[in-house]
Amino acid sequence: MDIQKIRSEFPILERRLYNKPLIYLDNTATSQTPDSVVKAVVDGYTTTKANVHRGVHTLSQEATDLQESARRRVREWINAGSESEIIFTRGTTEALNLVASSFGGMMLREGDELILTVMEHHANIVPWQLLRDRIGFTIKVVPIDGRGVLDMDAYRGMFTERTRLVSFAHASNVLGTVNPVREMIAIAHSHGVPAVVDGAQAAPHMRIDVRDLDADFYAFSAHKMYGPTGVGVLYGKEKWLEKMPPYQGGGEMIESVSFEKTTYAELPYKFEAGTPDFIGISALSKAIDFIERLGIDNIAAHEHQLLDYTTRRMMDEIPGMRIFGQAPGKCAIISFLVGDIHHYDMGMLLDKLGIEVRTGHHCAQPLMHAIGVEGVVRASFAAYNTIEESDAFIAALKRVTAILQS
């Protein structure tokens, strides 16, 4: 890939912080947005802003066509069977809440069991706990080994006649571990158990084929894959979505309403109450275009080159370096600590040198407890990052470490 040409599509990368070139290494939290996506948002607000599905006038019909075109684009991109299986949400968090509330509420009863993993983001823990507190089922948690790899023997052994659901991340937002989701789904299905996949960290970095995975539900966010904020996707098998009750009530999701009875719209609109971010949704298709123009395999190869190069230098050149997550084939995420330096101190001083990393527990406190730390520093790569930025990051790490250990 022509990295400099790619970088030219992201004006924010020309910024300077504290008179230093901006080096953005917080891509796991949110990626930056190319001109093509920004232009789609601007065009939406300046040429076709009108509420979708509700008007006979030209602007409403144009906006509706753009949103539904984006739905078709997403369906093709993840190889879903139908546009009816593509639900637009505000992000992965809302998508997982929708599944927990509607599908979980339909499937789980007191005394039942749900399987999660220790590496889950809070978005795939708390919604299930809220449901558990209302219903009274049990949550089982799959542990990891010292590399950050799931204990698959433990996972297989957790299924009983009371297991009703499993829900797990495709990739960890802290460790970078890419879980064997196809195998995990197959194991669940062998017990007659549906599988929910949090794909927020996988969608920007690898090819997603929901039918090949045989996922019952798959959720991801636009803002992590070069798209707009406030837009997410929930894929669900049509056989489940048809049976599930609506997650929210209001306009758009109804067929007819009276004070005696309400009937609901057909899929996917049954789960899209209210006015959606139709402008952001239409811009999502441009983010997919950007990824496909570069090639998801090319992006992954470039990110892994940066991951391997940076990891090797960090371990070889910085005494006291601890990197959390050593799974084979991990995503381009490096979570680390240096000696007894606090992660916040490291992140604050790196920022003064123009290096933007994430610090803290990364909405994964159970995982932090499992690996025995309060928080970590996390650097993560995207298509526009360079070897030169990795070199600058290493130099900044050495400088900050020297300051904080003096």
Side-chain angles (χ1 to χ4, degrees), residues 25-31 91-97 99-100 114-132 139-152 154-155 158 166-181 184 195-206 218-221 223-225 232 307 311 322-327 329-338 341-344 346-347 356-382:
L25 299 178
D26 193 20
N27 296 287
T28 295
T30 194
S31 61
T92 305
T93 296
E94 184 179 45
L96 293 171
N97 273 271
V99 175
L114 164 75
I115 298 175
L116 304 176
T117 82
V118 74
M119 66 176 67
E120 298 309 314
H121 188 282
H122 295 167
N124 200 31
I125 299 174
V126 179
W128 300 110
Q129 290 176 328
L130 292 171
L131 186 64
R132 178 199 60 189
I139 295 177
K140 293 182 172 181
V141 181
V142 185
I144 55 175
D145 66 18
R147 301 169 299 163
V149 175
L150 281 180
D151 184 337
M152 289 297 290
Y155 174 68
M158 286 183 178
V166 300
S167 189
F168 44 77
H170 197 153
S172 167
N173 73 313
V174 175
L175 305 173
T177 303
V178 179
N179 290 318
V181 293
M184 295 174 74
V196 181
V197 183
D198 171 359
Q201 297 302 330
H205 307 292
M206 63 191 73
Y218 196 99
F220 59 94
S221 298
H223 73 97
K224 296 181 187 294
M225 43 177 281
L307 173 68
T311 300
R322 288 186 291 162
I323 292 179
F324 301 90
Q326 304 287 347
K330 63 181 278 189
C331 287
I333 295 170
I334 307 174
S335 291
F336 67 95
L337 292 172
V338 181
I341 297 173
H342 197 279
H343 47 95
Y344 287 150
M346 176 70 76
E356 305 300 277
V357 296
R358 181 71 49 159
T359 62
H361 55 65
H362 310 289
C363 294
Q365 286 182 301
L367 177 58
M368 294 296 132
H369 296 154
I371 62 178
V373 298
E374 176 190 278
V376 295
V377 185
R378 185 184 68 195
S380 51
F381 301 101

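Along the sequence shown, the residues carry numbers beginning at 1.
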Please assess Met119 against Leu150 for the test side-chain contact (heavy atoms from CB on, under 4.5 Å), listing each intermediate value before the final yes or no.
CA-CA 9 Å; Met119 66 176 67; Leu150 281 180; 3.9 Å; yes

Sub-4.5 Å side-chain heavy-atom contact between Cys331 and Val178
yes

pair Val99-Trp128: side-chain heavy atoms closer than 4.5 Å:
yes

dist Arg132:CZ -> Ile139:CD1 (nearest 0.5 Å) comes out at 4.5 Å

In this structure, is the centre-to-centre distance between the rings of His122 and His361 below 6.0 Å?
yes

Beyond-backbone contact of Phe168 with Asp198, side-chain heavy atoms, under 4.5 angstrom:
no

Taking all non-hydrogen atoms of both residues into account, name the closest pair between Tyr218 and Ala202 and its distance.
OH-CB, 3.5 Å

Val142 and Val166, any side-chain heavy atoms less than 4.5 Å apart
no

Atom pair CG/CD of Leu96 and Glu120 - distance to nearest 0.5 Å:
9.0 Å

My understanding is that only one of His223, Lys224, Arg358 makes a side chain to side chain donor-acceptor pair (under 3.5 Å) with Thr30; could you say which?
His223

Spacing of Ile333 atom CD1 and Thr311 atom OG1 [to the nearest 0.5 Å]
11.0 Å

Note, His121 side chain near Gln201 side chain (heavy atom, < 4.5 Å)
no

Nearest 0.5 Å, please: how far is CE in Met158 from CG in Leu116?
9.5 Å

Side-chain polar contacts of residues 363-374 - donor-acceptor pairs under 3.5 angstrom, sequence neighbours left out - could you list them?
from   : atom 1 : to     : atom 2 : distance (Å)
His369 : ND1    : Gln365 : O      : 3.4
Glu374 : OE2    : His342 : NE2    : 3.1
Glu374 : OE2    : His343 : NE2    : 3.3

Rounded to the nearest 0.5 Å, how far does CD1 of Ile334 lie from CZ of Phe381?
4.5 Å

Between Pro143 and Ala154, which heavy-atom pair has the shortest distance, and what is it?
CD-CB, 3.9 Å

Whether Thr177 side chain and Asn179 backbone form a donor-acceptor pair below 3.5 Å:
no

Can you check whether Ala123's main-chain N or O pairs, donor with acceptor, with Thr93's side chain at less than 3.5 Å?
no

Can you tell me how far apart CG (Asn97) and CG (Asn124) are? Round to the nearest 0.5 Å.
10.0 Å

Partners of Tyr155 by ring-ring contact (aromatic ring centres under 6.0 Å, His included), sequence neighbours excluded?
Phe159

Phe324 side chain reached by Leu337 side chain, heavy atoms, under 4.5 Å
yes

If you take all heavy atoms of Ala169 and Val181, which pair is closest and at what distance?
O-CG1, 4.2 Å

Show the numbers, then the answer: is there a side-chain contact (heavy atoms from CB on, under 4.5 Å) between Thr359 and Met346?
CA-CA 8 Å; Thr359 62; Met346 176 70 76; 5.8 Å; no

Applying side-chain contact (heavy atoms from CB on, under 4.5 Å) between Val357 and each of Val377, Asp26, Thr28, report the one that passes.
Val377

